[in-house]
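By convention in this document, chain letters (A, B, ...) are assigned in the order of the sequence lines, proteins followed by strands, and residues within each chain are numbered from 1. Side-chain atoms are counted along with the backbone in the values below, which use heavy atoms only and exclude waters and symmetry mates.
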There are 2 protein chains.
Amino acid sequence: MPATRTSKTGRTQEERSAAMRARLLDATIDCLVEHGYSGTTTTRVAERAGVTRGAQVHHFPTKADLVTAAVRDVAARRARLAFARMDELAASTDPIGDTLDLLWEIHQGPIFAASTELLLAARTDPALRALVAEVEPEISEVIVEFGRRLFGPQADTSAFRHYAYTAMDTVRGLLVGSWAYPDDSHLDARWQRARACLRQLAPAELTVR
Amino acid sequence: MPATRTSKTGRTQEERSAAMRARLLDATIDCLVEHGYSGTTTTRVAERAGVTRGAQVHHFPTKADLVTAAVRDVAARRARLAFARMDELAASTDPIGDTLDLLWEIHQGPIFAASTELLLAARTDPALRALVAEVEPEISEVIVEFGRRLFGPQADTSAFRHYAYTAMDTVRGLLVGSWAYPDDSHLDARWQRARACLRQLAPAELTVR
DNA sequence: AACAATACCTGCAAGTGTGTATGTTAGTTT
DNA sequence: AAACTAACATACACACTTGCAGGTATTGTT
């Protein structure tokens with residue numbers, strides 16, 4: 001136990017460590033979104049987090065570690081957010097449609113830009129690639145688990161998996177496209193169209209558990 | 001006319017210039033694909049093209065110029081390739097389906113990786129962004145023109161445009177996804193599914209001109 | 001043949017990014 | 001309270017990138 005109060009701050013090592021890591025990860029995501037992967041220099045991250053570079057390197061020895069940890073972190077947070085709304089979906093009159101909307105919603109915010117930056121960087125950086133290869137199955141597994149809890153064993157069929165992938169591809173495509181054609185005004189409308197298509201495409205026998 | 005043959009090479013300035021530019025642009029695309037945007041250093045490009053950096057900077061004063069020119073170049077070449085197959089499409093029994101397949105085919109090869117690298121870099125780099133904003137409408141226009149020639153004035157309806165965008169988004173999404181999940185084996189199968197969906201989604205009244 | 005213009009080369013300056021080595025402070029253990 | 005460990009800070013070395021200045025060679029013009 002943290003018995004001896006030798007100092008004034010009164011924070012245990014673990015608390016300090018966790019707080020520091022959180023600040024660094026947040027700063028990293030911000031940098032990824034604002035400056036892209038190569039613009040996310042360890043120096044800049046440290047600055048933004050209000051931390052010295054020494055502290056940063058102590059927690060994340062290499063840039064690859066830092067960035068993957070950051071993306072893993074937001075992904076996990078978004079996942080928790082999704083799971084928190086599971087009941088709502090199960091009670092819905094159109095669970096599939098609502099799940100699609102949730103998928104869209106989850107992808108809003110910094111997560112998509114950040115993870116795309118990571119992904120594209122990993123495409124050509126072996127060190128990153130190795131780390132991403134570790135993280136990616138975790139994320140996949142979370143998605144599958146989500147489906148399993150919502151739709152039961154049907155989620156383990158290959159048809160379901162294909163469907164889930166297709167849905168995610170569609171969302172990704174729309175969002176990448178939104179960078180190419182910065183006319184964001186019709187973005188939601190286009191999602192509505194795509195959603196309608198996906199809704200129709202859903203395996204007919206799919207029912208909420 | 002290039003009358004005076006003062007030298008042995010016998011190449012006109014314009015020829016020299018064009019050849020040099022071509023070599024630089026090709027090398028740039030290769031680097032984009034292999035090393036990503038930030039890994040595409042002007043030094044590396046020059047090396048790869050077998051040219052000094054001085055020559056490179058003479059033709060493309062800045063890195064942004066070089067890279068956008070390169071992407072514009074491949075895009076143009078792919079477009080020519082598409083136009084070359086226009087007759088084939090017009091004669092097809094399923095012109096829309098075949099056009100979708102052509103769209104997919106066009107996106108294979110280096111063009112997609114290269115342009116995505118450019119796009120993502122432009123997302124956070126103002127100088128690049130400005131150049132991309134110039135190139136992007138050109139590309140859009142080519143696509144619209146293609147549609148217009150194949151489907152006539154129907155291509156100018158907003159429904160058609162939305163459809164074209166959706167199709168392109170789908171292709172992009174699939175390909176970005178293929179980097180996230182490096183299991184390329186099912187990629188074509190997934191395109192078949194997506195294609196089927198898009199085929200169905202096509203404006204019913206759409207006919208070849 | 002002489003002059004101008006363009007293509008191309010060499011070398012450099014300034015800035016930046018990453019990782020590491022080494023010192024200091026705060027927390028933990030006995 | 002002393003010894004120990006983890007957290008954090010400072011400073012540096014090495015490599016690398018970009019854009020530019022100033023020179024040489026090739027082509028076009030008169």
Starting from [atom2] on [N], measure out to [atom1] on [X] and report it in whole angstrom.
{"X": "A:Glu14", "N": "C:dT29", "atom1": "CD", "atom2": "C1'", "answer": "16 Å"}
{"X": "B:Glu47", "N": "D:dC16", "atom1": "CD", "atom2": "C1'", "answer": "12 Å"}
{"X": "B:Asp65", "N": "D:dG19", "atom1": "CG", "atom2": "P", "answer": "9 Å"}
{"X": "A:Arg16", "N": "D:dC8", "atom1": "CZ", "atom2": "C1'", "answer": "7 Å"}
{"X": "A:Lys63", "N": "C:dT16", "atom1": "NZ", "atom2": "P", "answer": "15 Å"}
{"X": "B:His35", "N": "D:dC16", "atom1": "NE2", "atom2": "C1'", "answer": "15 Å"}
{"X": "A:Arg44", "N": "C:dT16", "atom1": "CZ", "atom2": "P", "answer": "10 Å"}

Exercise. Does C:dT18 have OP1 or OP2 sitting under 4.0 Å from an N or O in the side chain of A:Thr42?
Worked result: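 Result: yes.
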
Exercise. Looking at DNA chain C, which of residues 48-61 of chain A put a heavy atom within less than 4.0 Å of it?
Worked result: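 Residues of residues 48-61 of chain A that come under 4.0 Å of DNA chain C are, in numerical order, A:Arg53, A:Val57.
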
Problem set entry | A:Arg77: partners by salt bridge (charged side-chain N to carboxylate O under 4.0 Å, His left out), with sequence neighbours left out |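 Here the qualifying residues are A:Asp26, A:Asp73.
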
Problem set entry | Residue list, salt bridge (charged side-chain N to carboxylate O under 4.0 Å, His left out) with A:Glu14, at least two apart or on another chain | none

Problem set entry | Pairs satisfying disulfide (SG to SG under 2.5 Å), at least one member in residues 98-130 of chain B, at least two apart |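 Pairs touching residues 98-130 of chain B that pass the test: none.
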
Exercise. Using a cut-off of 4.0 Å on non-hydrogen atoms, how would the nucleic acid contact of B:Thr41 be classed: base, sugar-phosphate, or nothing?
Worked result: sugar-phosphate

Exercise. Base, sugar-phosphate, or nothing for A:Ser38, non-hydrogen atoms under 4.0 angstrom?
Worked result: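 Contact class for A:Ser38: none.
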
For this session: List in chain and number order the residues that pass side-chain contact (heavy atoms from CB on, under 4.5 Å) with A:Thr52, two or more places apart in sequence or in another chain; answer none if no residue qualifies.
Result: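 A:Thr52: side-chain contact (heavy atoms from CB on, under 4.5 Å) contacts with A:Ala55.
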
For this session: Could you tell me whether a side-chain N or O of B:Arg23 sits under 3.5 Å from a main-chain N or O of B:Ala49, the two making a donor and an acceptor?
Result: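 Indeed, once roles are kept as given, a pair shorter than 3.5 Å links the two residues.
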
Can you give each donor-acceptor pair under 3.5 Å made by side-chain atoms of residues 108-117 of chain B, sequence neighbours left out, with the distance rounded to 0.1 Å?
{"residue": "B:Ser115", "atom": "OG", "partner": "B:Ile111", "partner atom": "O", "Å": "2.9"}
{"residue": "B:Ser115", "atom": "OG", "partner": "B:Phe112", "partner atom": "O", "Å": "3.3"}
{"residue": "B:Thr116", "atom": "OG1", "partner": "B:Phe112", "partner atom": "O", "Å": "2.7"}
{"residue": "B:Glu117", "atom": "OE1", "partner": "B:Tyr37", "partner atom": "N", "Å": "3.0"}
{"residue": "B:Glu117", "atom": "OE2", "partner": "A:Arg123", "partner atom": "NE", "Å": "3.4"}
{"residue": "B:Glu117", "atom": "OE2", "partner": "A:Arg123", "partner atom": "NH2", "Å": "3.0"}

